[in-house]
2 protein chains.
Amino acid sequence: MEQQGLALQRIKDQLHEANYKLTPQREATVLVLLENEKDHLSAEEIYMLVKLKTPDIGLATVYRTLEMLTELNVLDKVNFNDGLSRYDMRKEGAKHFHHHLLCLECGNIDEIEEDLLGDVEKIVETNFCFKVTDHRLTFHGICQSCQEKNKSSVE
Amino acid sequence: MEQQGLALQRIKDQLHEANYKLTPQREATVLVLLENEKDHLSAEEIYMLVKLKTPDIGLATVYRTLEMLTELNVLDKVNFNDGLSRYDMRKEGAKHFHHHLLCLECGNIDEIEEDLLGDVEKIVETNFCFKVTDHRLTFHGICQSCQEKNKSSVE
DNA sequence: GTCGTTGCAAACATTTTGCACGCAT
DNA sequence: ATGCGTGCAAAATGTTTGCAACGAC
């Protein structure tokens with residue numbers, strides 16, 4: 001909770017620095033994002049959650065807010081393979097973008113905060129002369145609980 | 001060329017195994033994909049290329065063919081962040097899916113065939129109990145030629 | 001004749017845009 | 001009064017689906 005207040009303040013500051021105003025709609029959207037940090041909500045899902053508390057908001061505004069926050073690097077727009085964009089908070093201190101584990105069976109998406117790509121990025125920079133600024137890494141596979149589910153159903 | 005003939009034959013066999021027919025439209029689509037293996041074409045781009053040689057084809061057929069080939073693991077559907085799906089041939093021998101380098105300046109997408117994630121996947125399997133079957137890895141950054149372009153324009 | 005495949009058009013889903021209005025400065 | 005921000009509706013975009021017709025066996 002305290003954390004969330006700090007995060008909100010940080011985002012407010014970023015908006016002001018970039019000459020954006022923190023309107024009630026924008027604040028409500030940011031709050032929903034903070035409250036659901038662990039999920040990977042789509043624009044529509046965010047819209048519906050915001051609308052519960054702030055019914056006076058349009059879908060277009062949510063899209064515009066999400067675009068703005070993505071531009072400010074508060075959010076990352078991520079595409080898994082379900083045809084729509086999802087939005088993911090960039091952790092405050094995190095230099096790198098976290099990784100994802102997508103379970104092909106239940107569709108659940110977990111996050112890995114650990115940076116696993118430090119060495120790999122160095123290889124890319126030296127061997128391919130490519131200046132890396134960011135990355136997207138998603139593993140596809142079977143999550144722990146689905147593995148257990150399968151095991152017990154076989155027995 | 002010879003390689004392409006072999007690849008085509010292999011794909012034909014896979015279709016037949018799965019009880020699909022190799023219709024002229026499907027063959028034309030596969031040929032376009034083989035001829036542009038290094039690109040990351042969207043459905044529409046593929047459609048337009050196929051239509052040059054085989055005008056009697058509809059966009060829906062291309063979509064259906066791409067879906068079928070994705071299901072057969074001949075293709076991978078990849079999403080960069082431009083809002084549409086792109087299709088990428090899975091290399092014949094390649095056990096793992098190759099990685100991508102997306103240049104944020106010129107939009108070019110390069111491929112890395114080397115497997116850079118062997119160790120990382122092991123870590124994921126043991127530390128997170130996640131059975132990895134595939135992955136998507138894209139580095140965002142500046143490609144070599146854009147770096148050079150920038151250097152000379154500063155001087 | 002059956003059945004898989006097709007082209008076309010319509011439907012659909014997601015995202016963007018145009019516009020008139022509202023509100024803070 | 002200026003200009004940013006808004007909701008709504010319309011448009012644009014990318015993809016899927018329904019359907020009648022075709023063609024191989």
Side-chain angles (χ1 to χ4, degrees), chain A residues 11-12 14-33 40-72 74-88 107, chain B residues 11-12 14-32 40-72 74-88:
Chain A
I11 293 166
K12 280 185 190 176
Q14 280 182 266
L15 288 200
H16 288 140
E17 263 173 62
N19 280 322
Y20 291 118
K21 289 169 193 164
L22 188 77
T23 64
Q25 290 93 334
R26 287 176 182 169
E27 179 159 14
T29 305
V30 169
L31 277 174
V32 162
L33 289 166
H40 300 80
L41 302 175
S42 66
E44 192 92 25
E45 288 165 344
I46 294 164
Y47 169 62
M48 293 199 296
L49 288 171
V50 175
K51 216 165 164 61
L52 292 178
K53 294 190 183 171
T54 311
D56 256 11
I57 192 172
L59 180 55
T61 300
V62 172
Y63 271 104
R64 286 186 279 232
T65 303
L66 293 172
E67 191 192 0
M68 185 193 71
L69 293 171
T70 303
E71 205 176 280
L72 294 177
V74 170
L75 282 183
D76 282 292
K77 199 173 175 178
V78 206
N79 282 281
F80 300 101
N81 281 346
D82 55 356
L84 41 73
S85 292
R86 299 182 172 278
Y87 295 85
D88 207 348
Chain B
I11 293 166
K12 279 186 189 177
Q14 280 183 266
L15 287 199
H16 288 138
E17 265 172 60
N19 281 322
Y20 290 118
K21 289 169 190 165
L22 187 77
T23 64
Q25 289 92 335
R26 287 176 183 170
E27 179 159 12
T29 305
V30 169
L31 277 174
V32 162
H40 301 80
L41 302 175
S42 65
E44 191 91 25
E45 287 166 345
I46 294 164
Y47 169 61
M48 292 200 296
L49 287 171
V50 175
K51 217 166 165 61
L52 292 179
K53 293 190 182 170
T54 312
D56 256 11
I57 192 171
L59 180 56
T61 301
V62 172
Y63 271 104
R64 286 186 278 234
T65 303
L66 293 172
E67 191 191 1
M68 184 192 72
L69 293 172
T70 303
E71 206 177 279
L72 294 177
V74 170
L75 281 185
D76 283 291
K77 199 173 175 176
V78 205
N79 282 282
F80 300 102
N81 282 346
D82 55 357
L84 42 74
S85 292
R86 299 181 172 278
Y87 296 85
D88 207 348

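Labels below follow one simple rule: chain letters A, B, ... track the order of the sequence lines, proteins then strands, and each chain is numbered from 1. The basis for the numbers below is simple: all heavy atoms, side chains too, and nothing from hydrogens, waters or symmetry mates.
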If only atom types and distance count, is the side chain of B/Asp88 paired as donor or acceptor with the main-chain N or O of B/Val78 below 3.5 Å? no
Quick one: B/Arg26 CZ to D/dA24 P, roughly how many Å, whole number? 14 Å
Tell me: CG of A/Asn19 to P of C/dT25, nearest whole Å? 14 Å
Between NZ of B/Lys51 and P of C/dT6 the distance, given in whole Å, is 14 Å
Could you state the atom-to-atom distance from CD of B/Gln25 to C1' of C/dG4 in whole Å? 12 Å
For B/Glu67 and B/Lys21, find the nucleotide of DNA chain D closest to each by heavy atoms; which residue's nucleotide sits nearer the 5' end? B/Glu67
May I ask you to verify if any side-chain N or O of B/Arg64 is less than 4.0 angstrom from the OP1 or OP2 atom of C/dT5? no
Between CG of B/Asp56 and P of C/dC8 the distance, given in whole Å, is 7 Å
From A/Thr61 OG1 over to A/Leu66 CG, what is the distance, rounded to the nearest 0.5 angstrom? 10.5 Å
Judged by atom type as modelled, is there a donor-acceptor pair below 3.5 Å linking the side chain of B/Arg26 to the main-chain atoms of B/Thr65? no
Could you tell me the separation between the CG atom of B/Asp76 and the OG1 atom of B/Thr70, rounded to the nearest 0.5 Å? 7.5 Å
B/His40 versus B/Glu45, closest heavy-atom pair with distance: O-OE1, 4.1 Å
Kindly say if A/Thr23 contacts the phosphate of D/dT6, meaning a side-chain N or O under 4.0 Å from OP1 or OP2. yes
What N/O pairs connect the protein and nucleotides 11-15 of chain C at under 3.5 Å? Give each pair on its own line.
unit_1, atom_1, unit_2, atom_2, d
C/dT15, OP1, A/Ser85, N, 3.0
C/dT15, OP2, A/Tyr63, OH, 2.4
C/dT15, O5', A/Tyr63, OH, 3.2

Yes or no on side chain to side chain contact (heavy atoms under 4.5 Å, CB included) for B/Ile11 and B/Leu69, after CA distance, side-chain angles and deciding distance? CA-CA 9 Å; B/Ile11 293 166; B/Leu69 293 172; 4.2 Å; yes
Length of the NE2-P vector between B/His16 and C/dT5, whole Å: 10 Å
When the distance from CG of B/Leu66 to C1' of D/dG14 is rounded to whole Å, what number comes out? 13 Å
Output the rounded distance in Å from CZ (B/Phe80) to P (D/dG14). 16 Å
How far apart are the closest heavy atoms of B/Arg86 and B/Ser42, and which atoms are they? NH1-N, 3.7 Å
